[in-house]
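These notes concern the structure reproduced below.
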2 protein chains.
Amino acid sequence: MSEISILERRFPGRRAGLKREILLQALACFNESGIEATTIDAIKARCETSVGAIYHHFGNKEGILGALFFTALDDQHEHFVHYLERAGTLEEVVFSVVLSYVDWVVKHPDWARFQFQARSSIVKGPHYQELKERNTKTYRELKEKFAAVGSAQKIAPPFELLPSLIIGASENYCRAWLSGRVQTSPKAYGEQLASAAWRSIQG
Amino acid sequence: MSEISILERRFPGRRAGLKREILLQALACFNESGIEATTIDAIKARCETSVGAIYHHFGNKEGILGALFFTALDDQHEHFVHYLERAGTLEEVVFSVVLSYVDWVVKHPDWARFQFQARSSIVKGPHYQELKERNTKTYRELKEKFAAVGSAQKIAPPFELLPSLIIGASENYCRAWLSGRVQTSPKAYGEQLASAAWRSIQG
DNA sequence: TTCGCAAACAGAATAGTATTCTGTTAAGAA
DNA sequence: TTCTTAACAGAATACTATTCTGTTTGCGAA
């Protein structure tokens with residue numbers, strides 16, 4: 001299970017065993033019943049542990065959300081960076097962004113589904129600042145890459161619009177796929193989504 | 001206040017006065033504090049009413065969410081239909097979809113913000129079926145319009161992808177604007193978003 | 001090996017919030 | 001006017017997150 005390896009990379013070692021188990025079962029609960037409908041008791045039952053243990057490790061429900069959310073975000077970001085490295089032209093950068101995103105979602109649908117659900121909670125809660133910093137960081141990396149491959153003047157829309165133009169359609173389709181509204185895997189449309197994004201940013 | 005006129009159209013008459021007031025204050029609470037953090041007591045206090053009255057009109061918190069959500073969806077849909085009527089070519093259809101969406105969001109930011117927040121709750125809750133039916137209806141209207149203006153063969157991507165390609169970027173940017181991540185009004189980028197959508201669906 | 005101690009756990013007690021229930025008032029039909 | 005039902009009020013209930021208190025376990029130092 002990819003869920004386990006993602007967790008082991010972020011919470012390694014034998015000591016963190018229960019911590020990982022709680023996160024794993026919480027992720028399952030959140031995806032099956034929704035975040036709000038999932039009770040601490042339900043998570044407790046699935047882990048055969050106690051509320052004390054859960055609160056010891058995470059402080060509160062929000063803490064569980066945060067741990068899961070940033071674990072997913074980190075993995076997604078690594079994936080993104082890995083794709084971006086190989087891009088040498090502006091067009092390849094755009095393709096990297098779209099394809100890395102689509103690939104990650106298809107590879108980890110449970111994490112992606114959770115990420116969509118949890119984002120609004122995170123934005124309101126105490127982890128907002130951390131999310132903002134990571135977004136700023138990714139944004140900066142992308143901007144630098146754009147500068148590195150040069151010829152950014154070939155792009156018509158203002159930079160403020162670019163992230164939405166590049167990733168908007170893919171995000172929308174992935175969300176539809178994760179919720180079952182469409183059947184075809186985003187992976188099958190990867191190239192089409194990427195080339196559509198590329199066309200969309202050209203004047 | 002546009003919030004009031006939207007509510008009066010859907011819940012008209014003197015008898016529904018308190019009902020509208022509850023919805024109005026609930027909308028404000030949800031946008032200020034978030035849906036989960038808003039308590040029935042807080043809404044009660046702002047309306048100077050009682051929990052009994054609230055539960056009499058809406059059954060439960062979910063009922064308030066549903067009433068607000070579908071009120072917003074209806075208004076948005078009317079707006080959409082009105083724009084779509086005037087489109088005579090395929091390109092104009094795409095522009096109508098994007099511009100009607102962007103205009104509505106900018107015109108009713110509080111309703112739009114709430115809509116984004118509430119969608120996941122609705123999808124999980126008992127109103128899911130109703131939302132699904134409305135989406136199907138809109139989807140069908142769009143498909144018929146596409147057929148009516150003909151020349152749909154000029155479009156490269158499969159129909160399954162089209163909604164995401166057309167509205168994805170705009171939705172993404174509007175969401176960013178409503179949460180304060182970007183400053184420039186989507187209205188200012190309306191034409192650019194529309195033409196980007198149009199380029200993106202061409203082979 | 002043992003001692004000290006902090007982290008890891010368990011489960012009862014508490015607090016806050018949604019929901020229900022019972023009763024009262026007001027409005028419209030007959 | 002009377003009768004019926006919707007509209008409202010507020011206390012009582014139930015559920016769930018969180019806290020608190022106590023116990024156990026792992027680990028470094030003596």
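Treat the numbers as computed from the prediction; the structure is a model and nothing was measured. Order of the sequence lines sets the chain letters (A, B, ...), proteins ahead of strands, with each chain counted from 1.
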Report the distance from atom [atom1] of [X] to atom [atom2] of [N], rounded to the nearest whole Å.
X	N	atom1	atom2	value
A/K19	C/dA8	NZ	C1'	11 Å
A/L18	D/dT25	CG	C1'	13 Å
A/I40	D/dT19	CD1	P	11 Å
A/F58	D/dT19	CZ	P	16 Å
A/I54	D/dA17	CD1	P	10 Å
B/H57	D/dA9	NE2	P	9 Å
A/R20	C/dA8	CZ	C1'	15 Å
A/N60	D/dC20	CG	C1'	16 Å

Taking NZ, NE, NH1 and NH2 as the nitrogens, is one of them in B/E36 or A/K124 under 4.0 Å from a carboxylate oxygen of the other? no
Are any of the side-chain nitrogens in B/R175 or B/E171 under 4.0 Å away from the carboxylate oxygens of its partner? yes
Tell me if the centroids of the rings in A/F159 and A/Y139 come within less than 6.0 Å of each other. yes
Output yes when at least one side-chain N/O atom of [X] is less than 4.0 Å from OP1 or OP2 of [N], else no.
X	N	value
B/H56	D/dA7	yes
A/R15	D/dC27	yes
B/T39	C/dG16	no

From D/dT18, C/dT19, C/dA10, nucleotide with atom closest to A/A53 side chain: C/dA10
Kindly assign one of parallel, tilted or perpendicular to the pair A/Y173 and A/Y189, based on the angle between their ring planes and the thresholds 30° and 60°. perpendicular
Reading DNA chain C from 5' onward, which residue's closest nucleotide shows up sooner: B/R14 or B/V51? B/V51
